[in-house]
Amino acid sequence: MTHRFYLVDVFAEQPYSGNQLAVVVGEDALSDETMQGIAAETNYSETTFVMPEPEQDGGYRVRIFTPAREIAFAGHPILGTAWVLRHHVLPEASGLVRLNLALGQIPVTFELSAEGKEVAWFLAPPVSLGKTCAPERIAAALGVSPEDIETRYPVQQFSAGTSAMIVPLRSLDALRRSKLDLDAYAALAAEGFPPLVYLFCRQTHHPQNDLCARFFFEAHGVREDPATGNGAAFLGAYLLQHRFFPDPDFSVRIEQGYEVRRPSLVMLRARMVDGSRVVSVGGYVIPTVRGELA
């Protein structure tokens, strides 16, 4: 009946940065109510629950909970859970870990960076494009002016298990001033636009990085994610769809989390293959705590 738990920092370059994740591993399934209670107790953006034995297809069944509800897809829980399985569950280290999520199986691979650090990568599920929103309609809800939004590219909804709005901004200053006002956003939400917003710009804190981002979402009030893997997957599809970069095969480094004092680095690869978008999201995983549930 023992359930082990691990706390890891995902998309982190050093401990106590990146996005925190709690991973609970146990052979006995917990009730939905108990899993939701544990996720509310950790109060991280997500907590995952995984069985230590693979299913018939070789994938490990994973369930993902926010403090408020269960969700089908999120990026840093995928990487953090796969890392825990690779280092603490599998009998010998494997370069491939398959996770079975509600939306299907997600493969996670592990590579060494040029600096010799292990990078976990997940292949994003197919991302669908949604409707666009006029910049002047969403600007006030984000605490910026319409002129702060880059109009060469659209404000658009993207989906894969969850949905988010992608908003291109003109400057790092506009990104810093951003916030999500749920009351001001209510009219858009009534039209089906999700109160999850991924904002990005070309200006960065550090010259070795390519883009800077923020992600706001609603969970017991407005929250901000220090690093967002599914948002990066949506962004990869967005950048390909709108030819943001001249090369349809690109790799970029995305900063995030500076405003919440959790600096993060998200790696993104995207390319077109036979007319289809192929997007992978990667990052470092750093362990911080392990123990057992009481």
Side-chain angles (χ1 to χ4, degrees), residues 45-46 59 62-66 69-79 98-108 121-135 137-138 141-142 149-169 180 185 187-200 211 213-219 225 227-245 247-252 254 256 266-283:
S45 56
E46 283 94 18
V62 179
R63 296 180 68 180
I64 307 171
F65 285 79
T66 75
R69 62 188 178 92
E70 184 174 9
I71 58 175
F73 171 57
H76 89 278
I78 291 172
L79 296 185
R98 297 182 176 91
L99 303 183
N100 290 341
L101 276 62
L103 55 61
Q105 188 172 98
I106 303 292
V108 180
W121 290 90
F122 75 84
L123 179 65
V127 176
S128 61
L129 285 64
K131 55 187 177 179
T132 60
C133 178
R137 294 200 61 207
I138 201 171
L142 298 178
I149 297 177
E150 176 56 77
T151 55
R152 288 180 295 172
Y153 307 99
V155 175
Q156 189 171 10
Q157 180 178 349
F158 282 69
S159 304
T162 58
S163 296
M165 301 298 292
I166 303 293
V167 182
L169 296 180
L180 177 60
Y185 199 90
L188 295 174
E191 297 177 24
F193 290 111
L196 296 89
V197 184
Y198 188 99
L199 306 99
F200 76 98
L211 300 172
R214 297 181 73 180
F215 182 76
F216 299 104
F217 65 101
E218 199 285 321
D225 221 11
T228 314
N230 59 348
F234 297 156
L235 179 65
Y238 177 99
L239 299 176
L240 285 171
Q241 177 68 22
H242 300 296
R243 300 182 180 180
F244 191 87
F245 296 112
D247 190 342
D249 184 342
F250 58 84
S251 176
V252 295
I254 305 168
Q256 195 177 338
V266 181
M267 303 176 198
L268 174 66
R269 294 172 178 165
R271 67 188 190 278
M272 296 299 298
V273 178
D274 297 328
S276 298
R277 295 181 295 269
V278 178
V279 178
S280 296
V281 177

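Heads up: numbering here begins at 1 and tracks the sequence.
A distance of 10.5 Å separates CZ of Phe250 from CE of Met272, quoted to the nearest 0.5 Å. Here the OG atom belonging to Ser251 is positioned 10.0 Å from the CZ atom belonging to Phe245, to the nearest 0.5 angstrom. Rounding to the nearest 0.5 Å places CG of Leu199 at 7.5 Å from CD1 of Ile138. Distance check: Ile78 CD1 to Glu46 CD gives 10.0 Å after rounding to the nearest 0.5 Å. Atom CZ of Arg137 sits about 10.0 Å away from atom OH of Tyr185, to the nearest 0.5 Å. Of the inter-residue distances, the one linking Ile64 atom CD1 with Leu101 atom CG reads 4.5 Å to the nearest 0.5 angstrom.
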Show your reasoning for whether side chain to side chain contact (heavy atoms under 4.5 Å, CB included) applies to Phe215 and Val197.
CA-CA 6 Å; Phe215 182 76; Val197 184; 6.0 Å; no
Is there a side chain to side chain contact (heavy atoms under 4.5 Å, CB included) between Leu268 and Leu239 once you walk through the steps?
CA-CA 11 Å; Leu268 174 66; Leu239 299 176; 4.3 Å; yes
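Side-chain contact between Leu142 and Leu180: present, with at least one pair of heavy atoms (C-beta onward) separated by less than 4.5 Å. Residues Leu235 and Leu211 have side chains in contact (heavy-atom distance under 4.5 Å, counting atoms from C-beta outward). Looking only at side-chain heavy atoms (C-beta outward), Leu169 and Ile149 come within less than 4.5 Å of each other. Within the 4.5 Å cutoff, side-chain heavy atoms of Val278 are placed close to those of Arg271.
Nearest approach of Gly192 to Gln157, heavy atoms of both residues: O-OE1, 3.8 Å. Ser45 approaches Phe217 most closely through the heavy-atom pair CB-CZ, 3.9 Å. Between Val281 and Gly229, the closest heavy-atom pair is CG2-O, 3.8 Å. Scanning both residues, Ala72 and Leu103, for their nearest heavy atoms gives O-CG, 3.8 Å. When all heavy atoms of Ala213 and Ile254 are compared, the closest pair comes out as CB-CG2, 3.9 Å. Here the closest heavy-atom approach between residue Ala270 and residue Val279 is recorded as CB-CG2, 4.2 Å.
Here the two rings, on Tyr198 and Phe234, have centers that are 6.0 Å apart or farther. Between Phe244 and Phe200, a ring centre-to-centre spacing shorter than 6.0 Å is recorded.
In this structure, the side chain of Glu218 does not engage the main chain of Leu196 through any donor-acceptor pair within 3.5 Å. Checked by atom type and distance alone, the side chain of Glu191 never pairs as donor or acceptor with a backbone atom of Phe193 at under 3.5 Å.
Screening residues 227-241 for side-chain hydrogen bond (donor to acceptor under 3.5 Å, both in side chains), with sequence neighbours left out, gives Thr162-Asn230, Asp225-Thr228, Thr228-Gln256, Gln241-Arg277.
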